[in-house]
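What follows is a single structure, written as structure tokens, with notes after it.
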Number of protein chains: 2
Amino acid sequence: MVDQLEIFKALSNKSRLDILNWLKEPQSSFPGQEVYGFEHGVCVGQIQQKAGLTQSTVSEYLSILQRAGLVKSTRVGQWTYYQRNEETFQVLSRLIQSEI
Amino acid sequence: MVDQLEIFKALSNKSRLDILNWLKEPQSSFPGQEVYGFEHGVCVGQIQQKAGLTQSTVSEYLSILQRAGLVKSTRVGQWTYYQRNEETFQVLSRLIQSEI
DNA sequence: TTTACATATCGACTTTTCCCGATATTCCTA
DNA sequence: TAGGAATATCGGGAAAAGTCGATATGTAAA
């Protein structure tokens, strides 16, 4: 169950759009961070560094993206890895074509 | 030239989403208003009544939607008719599939 | 089991958005 | 060309979003 409005609000912020874009191709967006591995996505710290925002802000933004269904997270040890939830993007794309 | 961020901001409001939806099928969304004709879209007053917002707010919202490229307007006499700009919706849909 | 680190949450402040009433502009008609 | 109707713009108060620093929570390693 997707909430259009919540998705659009989540997408109404430059930094959050950037983050989603970086997560499209983690290896090229976060070079030299292979040490963390990318199987589960990218961890908060890496994103924070690249975004140039505080840790709390990035954590908050990732929650917003997750609540909207645009990303999903996996906890591995002390790290939380985030990756895109492509399904939602597909649903949204179709929604815009037919529903909105 | 579409500005993603501007589009998403325009879509981040319940009333504006409603308006876009009403404009999908003017005849069924605005019954009994055939007197105005629908060739050029729907005029501000009709939308205002249905939205239950003030005239100034609706006018403002329509400007926001227009700046984002989601609607286009035609002035006919003292009326300004608004209609959807379907092209932008198609572009946006594809953008979400491939770019964002 | 204490410590150190990664992330999440909280409280506060600033900026933006929402939405209104009042006023201005545009255009038609008498 | 004066008046009236439709729309646009302006100024402002309230609510929401953006963003931070400080603190709490969870997890791993010493």
Side-chain angles (χ1 to χ4, degrees), chain A residues 3-20 23 26 30 33 35-68 70-83, chain B residues 3-20 23 26 30 33 35-68 70-83:
Chain A
D3 180 340
Q4 294 180 5
L5 189 55
E6 189 169 26
I7 293 178
F8 289 133
K9 284 185 179 176
L11 294 173
S12 299
N13 177 278
K14 176 74 163 54
S15 300
R16 289 194 294 266
L17 284 180
D18 287 343
I19 292 172
L20 289 173
L23 292 182
F30 301 92
Q33 312 275 333
V35 64
Y36 290 95
F38 288 117
E39 323 84 57
H40 303 102
V42 183
C43 69
V44 182
Q46 295 175 252
I47 297 169
Q48 190 232 315
Q49 269 192 290
K50 177 139 184 158
L53 297 167
T54 62
Q55 187 272 319
S56 60
T57 298
V58 171
S59 179
E60 165 83 3
Y61 281 7
L62 289 167
S63 295
I64 290 171
L65 291 173
Q66 184 160 38
R67 276 197 297 278
L70 294 164
V71 302
K72 47 193 176 188
S73 68
T74 318
R75 183 108 200 195
V76 178
Q78 35 191 176
W79 291 275
T80 308
Y81 291 90
Y82 284 90
Q83 58 187 292
Chain B
D3 181 340
Q4 295 180 2
L5 190 54
E6 188 168 27
I7 293 178
F8 289 133
K9 283 185 178 177
L11 295 173
S12 300
N13 176 278
K14 176 75 163 53
S15 300
R16 290 193 295 266
L17 284 180
D18 286 342
I19 292 171
L20 289 173
L23 292 181
F30 302 92
Q33 313 275 332
V35 63
Y36 290 95
F38 288 117
E39 323 84 57
H40 304 102
V42 182
C43 68
V44 181
Q46 295 175 253
I47 298 169
Q48 190 233 315
Q49 268 192 288
K50 178 141 185 157
L53 296 167
T54 62
Q55 188 272 320
S56 60
T57 297
V58 171
S59 180
E60 165 83 3
Y61 281 7
L62 288 167
S63 296
I64 291 171
L65 292 172
Q66 184 161 36
R67 276 197 297 277
L70 294 164
V71 302
K72 47 194 174 187
S73 67
T74 317
R75 181 108 201 194
V76 179
Q78 34 190 177
W79 292 274
T80 308
Y81 291 90
Y82 284 91
Q83 59 189 149

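- Taking atom CD of residue Glu60(B) and atom P of nucleotide dT16(C), one finds them 15 Å apart after rounding to whole Å.
- The CG-C1' distance, from Leu65(A) to dA8(C), rounds to 16 Å in whole Å.
- The interatomic distance linking Ile19(B) (CD1) with dC18(C) (P) rounds to 12 Å, in whole Å.
- Distance check, rounded to the nearest 0.5 Å: CG of Leu5(B) to CG of Asn13(A) gives 7.5 Å.
- Separating the CD1 atom of Ile64(B) from the P atom of dC18(C) is a distance of 6 Å, rounded to the nearest angstrom.
- Note on Thr54(A): every side-chain N or O is 4.0 Å or more away from OP1 and OP2 of dG21(D).
- One can place CG of Asp18(B) at 11 Å from P of dC19(C), the figure rounded to the nearest angstrom.
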Nucleotides 23-30 of chain D: protein proximity per nucleotide (B base, S sugar-phosphate only, - neither; heavy atom, under 4.0 Å): ---BBS--
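- Across residues 4-11 of chain B, not one residue has a non-hydrogen atom less than 4.0 Å from an atom of DNA chain D.
- dA8(C) atom C1' lies 12 Å from atom CZ of Arg67(A), rounded to whole Å.
- When the P atom of dA8(C) is taken as reference, atom OH of Tyr81(A) falls 13 Å away, rounded to whole Å.
- Note on residues 5-18 of chain B: pairs passing salt bridge (Lys or Arg N to Asp or Glu O under 4.0 Å), not counting sequence neighbours, are Lys14(B)-Asp18(B).
- Counting only heavy atoms from C-beta on, Thr80(B) has its side chain closest to dA8(D) among dT19(D), dA8(D), dA8(C).
- Between the two ends of the helix from dT1(C)-dA30(D) to dA30(C)-dT1(D), each summarised by a five-pair axis, the helix axis turns through 20° (rounded to 10 degrees).
- Across all strands shown, Leu62(B) has no heavy atoms under 4.0 Å from either base or sugar-phosphate atoms.
- In this structure, Thr80(A) and Arg75(A) approach most closely via the heavy-atom pair OG1-CD, 3.8 Å.
- For Gln83(B) (side chain) and Val71(B) (main-chain N/O), no donor-acceptor pair under 3.5 Å exists by modelled atom type.
- Of the candidates dT19(D), dT7(C), dC18(C), the closest approach to any side-chain atom of Asn13(A) belongs to dT19(D).
- Here Cys43(A) contributes atom SG and Gln48(A) contributes atom CD; the two are 10.5 Å apart, rounded to the nearest 0.5 Å.
- The side chain of Tyr61(B) contributes no N or O atom lying less than 4.0 Å from OP1 or OP2 of dC20(C).
- In this structure, OH of Tyr82(A) is placed 11 Å from C1' of dA6(C), rounded to the nearest angstrom.
- Distances shown here put every side-chain N or O of Ser59(A) at or beyond 4.0 Å from the OP1 or OP2 atom of dT7(C).
- With sequence neighbours excluded, no residue satisfies side-chain hydrogen bond (donor to acceptor under 3.5 Å, both in side chains) with Ser59(A).
- For the atom pair CG (Leu65(B)) and OH (Tyr82(B)), the distance works out to 9.0 Å, reported to the nearest 0.5 Å.
- With sequence neighbours left out, the side-chain hydrogen bond (donor to acceptor under 3.5 Å, both in side chains) criterion links Ser73(B) to Gln66(B).
- Listed nucleotides dT9(C), dA22(C), dG18(D) differ in distance to Ser56(B); the shortest reach to its side chain belongs to dA22(C).
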